[in-house]
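One structure below.
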Amino acid sequence: MIKLIVSDIDGTLLEDGNNELNPELLEVIVKLRKQGMQFAAASGRQWVSIERTFDMVKEKIFYLSDNGAYVGLHGRNLYLNTIEPKIVWQMVRDIRKEGLIPLVSGPDILYIDEGDLEFYDWLVKGYQFCVQRVEDLLQVEEPYIKVSAYRKTGIDAATKSLRERYQDQLKIAISGDMWMDCMAPGVNKGAAVRLLQESLGILPKETMVFGDQMNDIEMMNQAYYSFAVGNARPEVKAAARFQTDRNVEDGVLKVLRLLVED
């Protein structure tokens, strides 16, 4: 029996930058909860954005946010994994040197440098992040759980040298074509799923996961019922046992419908 369902958001449930879930998905989550199945949203997004996206069911799901650096549920932080500040500051400097946009995440707020209002509006209105513009990211006094680099396209190639330089100091994940996220060593979505499984007494064979990007691969290894959506990267499809339709064709919802009892 399936007891835990975990899904990525952007590229899996939604198109990147979109924030409108199919209302039927939320209805199905409620039905599955009544059948004894837990649901968790696992994302590089901050928990505030996840909660706003799942507003209708926000009290009924778990949040595995910031690529697993934050594990919680509505109104409660269960687990937080922070990064050494000196490493964050150096990474911010190096991201700037590469001509990329740096972002720093605390548990509740995403910080960006003052300047590009269009970028700020996109983060707030598109992803529905809680964002604060500051004069200098290096002056932010906050427990750091993630430092990110943004580029409109080609983030993988643009961050190759950074990833090589910091591979022993940070867990680095590429998400889509725009984001590079850096967390404390050992932090990833799979580790967060494992933590949740252990807390709830749920086995990998009782777990179903969905994803599309490289930062979802660790999740695939933590569940027997691992699904790549049709638009997933080849590496994710290779890591998953099963495949469903594309995100724009409600691939996740099509599988979850099969679990709903009449």
Side-chain angles (χ1 to χ4, degrees), residues 1-13 21-22 24-44 47 50 54 57 59-74 76 78-79 81 171 173 175 183 186-247 249-262:
M1 175 185 172
I2 304 299
K3 295 183 180 179
L4 174 63
I5 300 162
V6 186
S7 181
D8 171 55
I9 299 176
D10 297 291
T12 301
L13 294 177
L21 290 170
N22 186 329
E24 185 186 349
L25 175 68
L26 303 177
E27 295 172 3
V28 167
I29 289 174
V30 173
K31 292 177 181 178
L32 295 178
R33 274 295 307 272
K34 291 180 179 178
Q35 292 175 208
M37 301 180 208
Q38 301 289 345
F39 183 90
S43 176
W47 74 264
I50 294 175
F54 288 85
V57 295
E59 298 180 2
K60 303 180 184 298
I61 69 172
F62 288 92
Y63 314 142
L64 312 183
S65 74
D66 296 284
N67 284 315
Y70 179 107
V71 177
L73 66 166
H74 180 59
R76 186 180 177 191
L78 303 177
Y79 171 80
N81 201 323
K171 169 61 180 177
S175 180
M183 293 72 61
V187 173
N188 58 68
K189 293 183 183 181
V193 171
R194 183 171 63 251
L195 178 71
L196 194 57
Q197 289 170 327
E198 293 172 352
S199 300
L200 298 173
I202 295 174
L203 301 173
K205 67 180 181 180
E206 300 169 321
T207 305
M208 178 179 287
V209 302
F210 300 88
D212 75 304
Q213 284 292 333
M214 297 296 288
N215 61 341
D216 296 319
I217 287 181
E218 287 93 348
M219 287 203 306
M220 301 296 162
N221 299 327
Q222 201 57 37
Y224 178 82
Y225 298 96
S226 54
F227 284 83
V229 289
N231 54 287
R233 288 181 58 135
E235 299 93 332
V236 181
K237 291 180 179 179
R241 282 191 175 88
F242 308 101
Q243 186 173 322
T244 185
D245 282 341
R246 297 168 56 85
N247 57 341
E249 296 165 341
D250 288 321
V252 175
L253 178 56
K254 288 177 179 178
V255 175
L256 297 187
R257 283 175 185 151
L258 301 176
L259 301 178
V260 176
E261 297 175 354
D262 294 332

Task: I9 vs F210, side-chain contact (heavy atoms from CB on, under 4.5 Å): CA-CA, chis, key distance, verdict - done: CA-CA 9 Å; I9 299 176; F210 300 88; over 6 Å; no

TODO: Any chance you could lay out the side-chain contact (heavy atoms from CB on, under 4.5 Å) test for V229 and V252, step after step, and finish with the verdict?
DONE: CA-CA 7 Å; V229 289; V252 175; 4.1 Å; yes

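- Side-chain atoms of E235 never come within 3.5 Å of backbone atoms of I217 as a donor-acceptor pair (strictly under, hydrogens ignored).
- Rounding to the nearest 0.5 angstrom, the gap separating the OG1 atom in T244 from the CG atom in N231 is 10.0 Å.
- Looking at residues two or more places apart in sequence or on another chain, you find a side chain to side chain contact (heavy atoms under 4.5 Å, CB included) between A192 and L64, V71.
- For the pair Q197/P204, a side-chain contact is recorded, criterion being any heavy-atom separation below 4.5 Å from C-beta on.
- Remark: the backbone N or O of L203 is paired with a side-chain donor or acceptor of E206 at under 3.5 angstrom.
- Residues N215 and N188 fail the side-chain proximity criterion, which asks for heavy atoms closer than 4.5 Å.
- Side-chain contact between L253 and V28 is present, with heavy atoms from C-beta onward closer than 4.5 Å.
- I2 and M37 make their closest contact through O-CG, 3.2 Å (heavy atoms, listed as atom of the first residue, atom of the second, distance).
- Atom CD1 of I61 sits about 12.0 Å away from atom CD1 of I5, to the nearest 0.5 Å.
- Residues V255 and F227 are in side-chain contact: their nearest non-hydrogen atoms beyond the backbone lie under 4.5 Å apart.
- Two residues are said to be in side-chain contact when any heavy atoms from C-beta on lie closer than 4.5 Å; E59 and H74 meet this criterion.
- Between the side chain of K254 and the backbone N or O of E249 there is at least one donor-acceptor pair closer than 3.5 Å.
- The two residues D8 and S43 make their nearest non-hydrogen contact at OD1-CA, 4.3 Å.
- A heavy-atom distance below 4.5 Å is not found between the side chains of Q38 and L196.
- To the nearest 0.5 angstrom, N81 atom CG is 4.0 Å from Y79 atom OH.
- A donor-acceptor contact closer than 3.5 angstrom is absent between the side chains of T207 and Q222.
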Open item on the list: Would F54 and L21 count as a side-chain contact (heavy atoms from CB on, under 4.5 Å) here? Give the steps.
Closed with: CA-CA 8 Å; F54 288 85; L21 290 170; 3.6 Å; yes

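- In this structure, D66 contributes its side chain and G68 its backbone to no donor-acceptor pair below 3.5 Å.
- In this structure, A240 and A228 approach most closely via the heavy-atom pair CB-N, 3.6 Å.
- The closest donor-acceptor contact from the side chain of S226 to the backbone of R241 lies under 3.5 Å.
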- [ ] Apply salt bridge (Lys or Arg N to Asp or Glu O under 4.0 Å) to the pair E261 and K34, showing each step before the final yes or no.
- [x] CA-CA 10 Å; E261 297 175 354; K34 291 180 179 178; over 6 Å; no

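- Looking at K237, its side chain does come within 3.5 Å of a backbone N or O of G230 through a donor-acceptor pair.
- Looking at D212 and T12, their side chains do bring a donor and an acceptor atom within 3.5 Å of each other.
- Atom CG of L32 is separated from atom NZ of K60 by 12.5 Å, given to the nearest 0.5 angstrom.
- Atom NZ of K189 and atom CG of N221 lie 13.5 Å apart (nearest 0.5 Å).
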Open item on the list: If you apply the rule side-chain contact (heavy atoms from CB on, under 4.5 Å), what do you find for M208 with L259, and how did you get there?
Closed with: CA-CA 11 Å; M208 178 179 287; L259 301 178; 4.1 Å; yes

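- With values rounded to the nearest 0.5 angstrom, F242 atom CZ is found 4.5 Å from Y224 atom OH.
- Between K31 and E24 there is no salt bridge, since no side-chain nitrogen of the basic residue lies less than 4.0 Å from a carboxylate oxygen of the acidic one.
- Side-chain contact check for L4 versus F39: every heavy-atom pair is 4.5 Å or farther apart.
- The side-chain heavy atoms of L78 and Y70, taken from C-beta on, include no pair separated by under 4.5 Å.
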